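To keep things clear, I will list the structure first and then write my remarks on it.
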Amino acid sequence: MANHPREEITFLMVKPDAVQRGLTGEIIRRIEQVGLKIVGLKMFKPTLKQVDEHYPKDKAWINRLGEKTLATYAKFGYDAVAELGTDKAEKIGPMVREWLITFMNSGPVVVIAIRGVHAVSMVRKIAGSTMPSDSELGTIRGDFSVDSAAAANRDKRAVYNLVHASETEAEAKHEIAHWFGKGEALADYERNDEMVMYPSAKAR
Ligand code: ADP
C-alpha cells in the first residue's frame, strides 16, 4: 500500500535575504503551525559548488529563466540589448542562473526537511508565488517582501524571495539528498498534536 499521506516529505531553504532579515524563526513557525513537522534542519554558508549543483543545468530550465526575464523586459519596456547585451533567451538564461548562484552563496542559509500531509504543495502555498510582488498576503513572500522581477532584473540580480521550496516529491528527494547528504537520517519523533490530527494512523 502507498505511504500514508502524512509521510510526504518536502524541502525548504531559507535564503540568505531571509536569514539576514531575521525571518528564520517566523518561517519555521508558519510551517509548524499548520501541522507540518520539521524533520531536518541546519544552517551554514553554502559553497558555490553546492549552489551550482542545486539549480538544474538543463537547457530547458535555463532557457525558461531567460524567457521569463525577457518577458519582464518587454512588459516594463526595458531594452534587453542595452542592459544585458543580448535579447536571446538562451544567452540571458545563464546570466540569471549566475545571479542566482551569487545570491545563494552570499551568506548563510537554513535547509529544512519537512514531513506531513501534502507537504510539497502546502509548503509551496505557504511560500507564495515566485515573485513577492505577485504573492498573496498571508504567504511568506507576500508578507515580507515587495521584490519583483522588474526590480531585480534592473539591478542584474536574482529576485530576493526569501525561500526556495521544492516543486515535486521527486525534486524534494533529490534536494534533501543534496543538502543533507545521502546517508544522513531525518529525525523521527512524534508531535503530540498528531494524535488529534491523525487519530486512525498508527503512532510512529
Ligand atoms: P521558484 O523558486 O518559485 O521555484 P523558479 O524555479 O522559476 O522559481 O526560479 C528560481 C529562482 O530564480 C527564483 O526563486 C528567483 O529567486 C530567481 N528568479 C526566477 N526568475 C527570475 C528573474 N526573471 N529574474 C531574477 N531572478 C529570477
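Values reported hereafter were calculated over all heavy atoms of this structure, with side chains retained and with hydrogens, waters and symmetry mates removed. Indexing begins at 1, ligand by ligand and atom by atom, following the structure's order. Since we're looking at a predicted model, the values are computed, not measured.
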For [atom], what's the nearest protein heavy-atom neighbour? Residue, atom name and distance, please.
atom                    : result
atom 12 (O) of ligand 1 : L100 CD1, 3.2 Å
atom 27 (C) of ligand 1 : V159 CG2, 3.9 Å
atom 6 (O) of ligand 1  : R64 NH2, 3.6 Å
atom 1 (P) of ligand 1  : T130 OG1, 3.6 Å

Is D52 salt-bridged to R97, cutoff N-O under 4.0 Å?
->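 The answer is yes: the pair qualifies as a salt bridge.
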Is any side-chain N of the basic residue among E53 and K49 closer than 4.0 Å to the acidic one's carboxylate O?
-> yes
Go through I27 and F144 one step at a time and tell me if the side chain to side chain contact (heavy atoms under 4.5 Å, CB included) criterion holds.
-> CA-CA 10 Å; I27 290 165; F144 297 107; 6.0 Å; no
Between the side chain of H118 and the main-chain N/O of P5, is any donor-acceptor distance below 3.5 Å?
->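 No.
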Minimum heavy-atom separation for [X] and [Y], please, with both atom names.
X    : Y    : value
L36  : R191 : O-NH1, 2.8 Å
S166 : T10  : CB-OG1, 3.7 Å
K125 : T139 : O-CG2, 3.5 Å

Options E171, M95, K68, ranked by nearest heavy atom to atom 7 (O) of ligand 1, top entry |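 Minimum heavy-atom distance to atom 7 (O) of ligand 1 goes to K68.
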Taking the minimum heavy-atom distance to atom 20 (N) of ligand 1, which of R124, K156, M131 ranks first?
->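 Shortest heavy-atom distance from atom 20 (N) of ligand 1: M131.
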What part of R157, side chain, backbone, both or neither, has a heavy atom within less than 4.0 angstrom of ligand 1?
-> backbone
Relative to ligand 1, is N161 under 4.0 angstrom through side chain, backbone, both or neither, heavy atoms considered?
->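 Contact part for N161 vs ligand 1: side chain (C-beta onward).
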Sub-4.0 Å atoms of ligand 1 with respect to non-hydrogen atoms of L65 = 19 (C), 20 (N)
Under 4.5 Å between any side-chain heavy atoms of V111 and H54, yes or no?
-> no
Check whether any heavy atom of R141 sits under 4.0 Å from an atom of ligand 1.
-> yes
Under 3.5 Å: N/O of [X] near N/O of ligand 1:
X    : answer
E167 : no
T69  : yes
N153 : yes

State whether F103 and R157 meet the cation-pi test: NZ (Lys) or CZ (Arg) under 6.0 Å from the six-membered ring centroid, and within 45° of the perpendicular axis.
->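 Pair R157/F103 does not count as cation-pi.
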